[in-house]
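Computed over heavy atoms, backbone and side chain alike; hydrogens, waters and symmetry mates excluded. Small disclaimer: the values here were computed from a predicted structure and weren't measured. We name chains A, B, ... by the order of the sequence lines, and we start the count at 1 in each one.
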Amino acid sequence: MVALPKVARSDCIVLAVIGQSRTIGSSKSFSRARFQLKTIRMKTDLAAQAEMHIPKGYDPRLFKVRHSAAHVMAQAVVERFPGARPTIGPPIEDRFYYDFDLPRPPKEEDLAWIEQRMKEIIKGRHAFSVREVSPGEARELFKDNPYKIELISELVNGSGNAQPITVYQHDTFVDLCRGPHVPHTGYIKANGVKLLATAGAYWRGDASRQQLTRIYGTAWKNRTELEAYLTRLEEARQRDHRSLGRRLELFTFSDKVGPGLPLWLPKGAALREALVSFLKKEQLRRNYQPVITPHIGRLDLYRTSGHYPYYKESQFPPMEESEGEGYLLKPMNCPHHIQVYTHRRRSYRELPIRLAEFGQVYRYEQTGELGGLTRVRGFTVDDAHIFCRHSQVKAEIKDTIDLTLKVLSSLSFEDYSVQLSLRDPEDTGKYTGRAAVWDEAESAIREAVQETGLRYVEALGEAAFYGPKVDFMVRDALGREWQLGTVQLDYNLPERFDLSYIGPDDQRHRPAMIHRAPFGSLERFVGVLIEHCGGAFPVWIAPEQARVLSISERFEGYATSVYQQLLSHEMRVRLDVRSEKVGYKIREAQSEKIPYMLVVGAREADSGTVRVRARSGQDVGAMSVPAFVNRIKEESAQAR
RNA sequence: GCUGGCGUAGCUCAACGGGCAGAGCAGCUGAUUUGUAAUCAGCAGGUUGGGGGUUCAAGUCCCUUCGCCAGCUCCA
C-alpha cells in the first residue's frame with residue numbers, strides 16, 4: 001500500500017498534481033494546503049517513493065521548467081496589470097498555473113501580450129537566484145501582498161517549528177518560493193511555451209474566500225513537444241464522450257427536459273442493457289436478491305437516514321404536503337432497502353442479505369458541475385446493500401471488491417486507482433455516529449483492502465458521512481479522474497434505523513451494512529467507457545453488433561433472411577439494403593464503429609454464407625450464419 | 001453556486017468594422033444495381049437559444065434569461 005507520508009515541509013516538495021477536484025488530506029495548513037488539484041507530497045528522494053502514483057510522462061526537469069515558467073508568467077502579468085498580486089503558482093502534470101488577484105479579468109489580448117512578454121523574458125536568460133530571508137525581511141518584501149503575508153505567517157508559525165523562508169528572483173521579479181528552479185530563464189524554451197486558459201480559483205481552495213484569476217500555461221522542451229502535447233489534447237477532445245455520444249446516437253439532452261437529465265437513445269439503451277444484464281448475472285451467482293423500490297419516499301425517512309439534513313442543498317426541493325411533511329425524490333437507495341430489510345424479523349441464519357436494485361436517484365448538482373454523463377442530476381446506481389453480522393464484514397467487502405474488479409477487467413479498464421476514503425480527523429462534525437464505531441469500521445475496511453493485496457492510497461476527509469469507503473477511480477479523455485465503483489462500510493445507518501437481527505443467543509444484535517456499486521453510476525460509467533474505447537465497444541456490449549450489407553438490391557431477399565436468422569439468435573443487428581455501393585455502406589458502418597459487417601452478394605447467396613469484415617478492416621472470410629453466431633458468442637464469453 | 005468563455009440548419013462550421021443568413025455532411029426525391037472507407041442530379045432545410053433595448057438597419061452592439069464549455073467550490 002502507499003500511504004501519504006506526513007512530512008515536514010522542509011523535506012518535501014510538491015511532486016505531482018494529478019487530475020483535479022479531489023484532495024488528499026484535509027488539513028488547511030500550508031504544508032497540506034487544499035490547492036485546487038490533488039497534491040501528493042513526498043520526500044525529495046524520488047527513488048524511495050517510486051511506487052507513488054506518478055503521472056505518466058512525469059519528468060523532473062520539465063517540472064522545474066514549468067515551475068520557472070510560472071514565475072516568468074507572473075512577472076509578465078505584474079507588468080501588464082500593475083495592481084496584480086501574485087499568490088501561488090505551481091507546476092502540475094503537463095502544465096503550470098499561477099493564481100493572481102487582478103484589478104480586472106484578463107482579455108484575450110492581455111494573454112497574447114503576456115505570452116509575448118514571457119518569450120522576451122525567457123530570451124533574456126535571467127538567472128534564478130535564491131536566498132533565505134528573515135520573517136521580518138519577507139514581510140517587508142511582500143508588504144503589499146496580503147496573500148504572501150498570510151503564507152509567511154504560516155511558515156513562521158506553522159506546525160510548531162519555524163521553516164526557513166526562501167525567495168527566488170529572476171530579472172525584476174521576486175517571489176516567495178521554496179523552489180527548485182532552473183539556473184536561468186533560458187532553460188525555458190520560448191517556442192515551447194504557451195498560455196492555455198484562464199479560470200477562477202478560490203484563495204486556498206476555500207469558497208468563502210477571495211476568488212482569484214488563474215492562468216494556465218504549458219511549457220515543453222521545444223516546439224515539437226509543445227505541438228505534440230496540443231495534438232494530444234485535440235485527440236482527447238475527439239474521444240470526448242459528449243461528441244461520441246451524439247455522433248453514435250447513444251444519448252442526448254434536451255433543454256425541455258432539463259440540464260443533467262440524460263435521455264438514452266435506443267443505441268445507448270442497448271449498451272446499458274448489455275452492461276446491466278452482465279452485472280445481474282454476476283450478482284445472481286453471488287447470491288444477491290433483486291428488489292424494486294419507488295422513486296420517492298417520505299421526508300421523514302431521509303431525516304432518519306440523515307441524507308435530508310446532510311445534503312439538503314443538493315437535492316431537488318421536496319414535494320411538501322404541509323410544512324415539513326411530504327416526499328423527496330430519492331437521492332439514495334439505501335433507506336428504501338433498509339425498509340425491505342425491516343419488513344420482518346431477521347435471523348442470524350439468513351445473513352448476509354444482499355439486496356440489489358438498479359435504482360434511479362436524483363440529486364440537484366450545482367449548475368457548474370454538470371457535464372455530459374459524468375455529472376448528472378438523474379442517474380442509475382447499480383446499488384446493493386448487504387446486511388451482515390460484524391464477523392462477516394471482511395469477507396463481504398472482499399467479495400464486493402472482487403466483483404468491482406471483475407467489472408473493470410471485463411471492460412479492460414487497467415489504469416484505475418484505488419482509494420481508501422477515511423474520515424477527516426480535523427473535522428469530525430461532518431460525520432454521523434460515535435468515534436469508536438468509526439474506528440472499528442475504518443480498521444475493518446482497511447484490513448479487508450489489505451488482504452486483497454490491492455495497491456491503494458488513503459485519503460483523509462473523503463469518507464461518506466456514515467462510513468469509510470473504497471473508491472475506484474478512472475480517468476476520462478481529458479485526464480480528469482472520476483469515481484466509478486465504490487464499496488462503503490456503514491455501521492451508522494443500522495444504528496439510525498435501529499436495525500437488528502436475532503442471534504444464536506436469542507438476543508437482538510445490530511447488523512453491519514455494506515453499500516456497494518461496481519459501476520457506480522451507470523451514466524458516468526458509460527461516459528467514461530465511451531472514452532476508454534473511443535466508441536469502439538467490444539462486441540458483447542456494442543449497440544449494433546453486426547450489419548448485413550447487400551451488394552445490390554438483387555440480394556435483398558438473401559440479406560433479409562440472414563438478418564432474420566441473426567435476430568432469432570438475439571443478436572443486435574441491422575440490415576442495409578439501400579441502393580448504394582458496398583464501399584459507401586462499409587464507410588458508414590465503419591464510422592459508426594460497428595464490430596462486424598456482413599457483406600452478401602451472389603457468391604454468398606449461392607453458398608449460404610456471409611462475408612465477414614471486422615471493424616479493424618480485416619477480412620475475416622466467408623462463413624455460414626451459424627458459424628458467425630458462434631464466433632460472436634465465443635468472443636463475447638471470452639471478453640468477460 | 002463562483003470566475004471567464006461560447007450559443008448560426010440534425011451535425012461540423014462560414015458571414016470584413018452593424019448593411020439581402022451561406023457551405024459541406026446528414027435528410028428527402030429521382031437516376032444508378034453497385035464486391036470491402038464517400039455514384040450522380042435535384043429538392044428541402046433558419047424567428048441566428050429566448051425576451052428586451054440601441055439603430056434607418058442587429059447573427060454582429062447593450063441588458064436580461066436559459067443552455068453549453070473550461071476551471072474553482074461541492075460530490076451521499
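Distance CG (A:L111) to P (B:G4): 13 Å, rounded to an integer number of Å. The distance from atom CZ of A:F100 to atom C1' of B:G4 is 16 Å, rounded to the nearest whole Å. Straight-line distance from the CZ atom of A:R377 to the P atom of B:C74: 18 Å, rounded to whole Å. Atom-to-atom, CG of A:D576 to C1' of B:U36 comes out at 13 Å; the value is rounded to the nearest Å. Here B:U36 presents its P atom at 8 Å from CD1 of A:I551, a figure rounded to the nearest Å. Straight-line distance from the CZ atom of A:R204 to the P atom of B:C74: 14 Å, rounded to whole Å. One interatomic measurement links the two molecules: NE2 of A:H515 to C1' of B:A76, which rounds to 9 Å at whole-angstrom precision. Spacing between atom CD1 of A:I92 and atom C1' of B:C72 amounts to 13 Å, rounded to whole angstrom units.
Among the protein residues, A:L212 comes within range of no part of the nucleic acid, since none of its heavy atoms lies under 4.0 Å from any strand. Among the protein residues, A:E249 comes within range of no part of the nucleic acid, since none of its heavy atoms lies under 4.0 Å from any strand. Note on A:G258: nothing from the nucleic acid sits closer than 4.0 angstrom, heavy atoms only. No contact: A:L196 has no heavy atom under 4.0 Å from any strand. Counting any heavy atom pair closer than 4.0 Å across all strands shown, A:E365 reaches no nucleic acid atom. Among the atoms of the strands shown, base atoms are found under 4.0 Å from some heavy atom of A:S314. Within the 4.0 angstrom heavy-atom criterion, no nucleotide atom of any strand lies near A:F253. As judged by a 4.0 angstrom heavy-atom cut-off over every strand, A:A589 is placed among residues making no nucleic acid contact. In this structure, A:G601 reaches the bases: a heavy-atom distance under 4.0 Å links it to at least one base atom across the strands shown. Backbone-only contact: A:P259 has heavy atoms under 4.0 Å from sugar-phosphate atoms and none from a base. Using a 4.0 Å heavy-atom cutoff across all strands shown, A:A197 reaches no nucleic acid atom at all. Within the nucleic acid shown, A:E556 has no heavy atom closer than 4.0 Å to any nucleic acid atom. Among the atoms of the strands shown, only primed sugar atoms or phosphate atoms (P, OP1, OP2) are found under 4.0 Å from some heavy atom of A:V582.
Among the nucleotides B:C72, B:A37, B:G35, the one closest to any side-chain atom of A:V599 is B:G35. Residue A:Y216 has its side chain nearest to B:C72 when only B:A76, B:C72, B:U33 are considered. Nearest nucleotide to the side chain of A:R578, out of B:G35, B:G27, B:G4: B:G27. The A:R242 side chain lies nearest to B:C69 when the options are B:C69, B:U33, B:U36. Closest to the side chain of A:P331, from the set B:A76, B:G35, B:C75, is B:A76. Set against B:A37, B:G1, B:C72, the side chain of A:T367 has B:G1 as its closest nucleotide. The side chain of A:M332 sits closest to B:A76 out of B:A76, B:U39, B:G35. Which of B:U34, B:A37, B:C74 sits closest to the side chain of A:R375 comes down to B:C74. In this structure, the nucleotide among B:G1, B:C68, B:G35 sitting nearest to the side chain of A:R611 is B:G35. Closest to the side chain of A:Q366, out of B:A76, B:C72, B:G1, is B:G1.
Using N1 to N3 plus N6-O4 or O6-N4 for Watson-Crick, or N1-O2 and O6-N3 for G-U wobble, each under 3.5 Å, B:G4 pairs with B:C69. When Watson-Crick and G-U wobble pairs are counted only if both distances are under 3.5 Å, B:A37 pairs with no nucleotide at all. The partner of B:U47 is absent, by the rule that a Watson-Crick or G-U pair needs both atom distances under 3.5 Å. When both pairing distances are held under 3.5 Å, B:A9 makes no Watson-Crick or G-U pair with any nucleotide shown.
In this pair, A:H307 and A:Y466 present their aromatic rings perpendicular. The plane angle is above 60°, beyond the 30 to 60° band. Using cut-offs of 30° and 60° for the angle between ring planes, the A:H385 and A:H337 rings count as perpendicular.
Residues meeting the side-chain hydrogen bond (donor to acceptor under 3.5 Å, both in side chains) test with A:S607, sequence neighbours left out: A:T609.
Interface remark: the A:E580 side chain does not form any donor-acceptor pair with the B:U34 base, using a distance-only criterion of under 3.5 Å. Counting distance only, with no hydrogens placed and no angle test, the side-chain atoms of A:S579 and the base atoms of B:U32 include a donor-acceptor pair under 3.5 Å. On a pure distance criterion of 3.5 Å, no polar donor-acceptor pair joins the side chain of A:Y364 and the base of B:G1. A donor-acceptor contact under 3.5 Å is formed by the side chain of A:R613 with the base of B:U36.
Between A:Y311 and B:A76, a base-stacking contact is recorded: ring centres under 5.5 Å apart, planes less than 30° from parallel.
In this structure, A:Y311 has its ring center closer than 6.0 angstrom to the ring center of A:F465.
Taking the charged nitrogens against the carboxylate oxygens, A:R242 and A:D240 do have a contact shorter than 4.0 Å, which makes a salt bridge. At a threshold of 4.0 Å, the pair A:E234-A:R237 counts as salt-bridged, since one of the basic side-chain nitrogens sits closer than that to a carboxylate oxygen.
Distance check on atom P: B:G52 versus B:C16 gives 26 Å, rounded to whole Å. When the P atom is compared between B:G71 and B:U29, the two are found 44 Å apart, to the nearest whole Å. The separation of B:A37 from B:A41, taken at their C1' atoms, amounts to 23 Å, rounded to a whole angstrom. Distance check on atom C1': B:G45 versus B:C63 gives 33 Å, rounded to whole Å.
Position along RNA chain B of the nearest nucleotide to A:V600 versus A:R587 favours A:V600 as the more 5'-ward residue. Comparing A:D255 and A:E588 along RNA chain B, the residue whose closest nucleotide (by nearest heavy atom) sits nearer the 5' end is A:E588.
A:E357 places no side-chain N or O within 3.5 Å of a backbone atom of A:N333 that could act as its donor or acceptor partner. Listed for the A:Y431 side chain is a donor-acceptor partner under 3.5 Å among the backbone atoms of A:D424. Within the 3.5 Å criterion, the main-chain N or O of A:A477 finds a donor-acceptor partner in the side chain of A:E531.
Between A:R524 and the options A:T380, A:L373, A:L484, A:V474, a side-chain contact (heavy atoms from CB on, under 4.5 Å) holds for only A:L484.
With A:Y362 as the aromatic partner, A:R377 does not meet the cation-pi criteria of under 6.0 angstrom to the ring centre and within 45 degrees of the ring axis.
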Report, one pair per line, the protein and nucleotides 9-17 of chain B atoms (nitrogen or oxygen only) whose separation is under 3.5 Å.
unit_1	atom_1	unit_2	atom_2	d
B:U12	OP1	A:R246	NH1	3.0

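Side-chain atoms of A:M513 and A:I338, non-hydrogen and from C-beta on, do get closer than 4.5 Å to each other.
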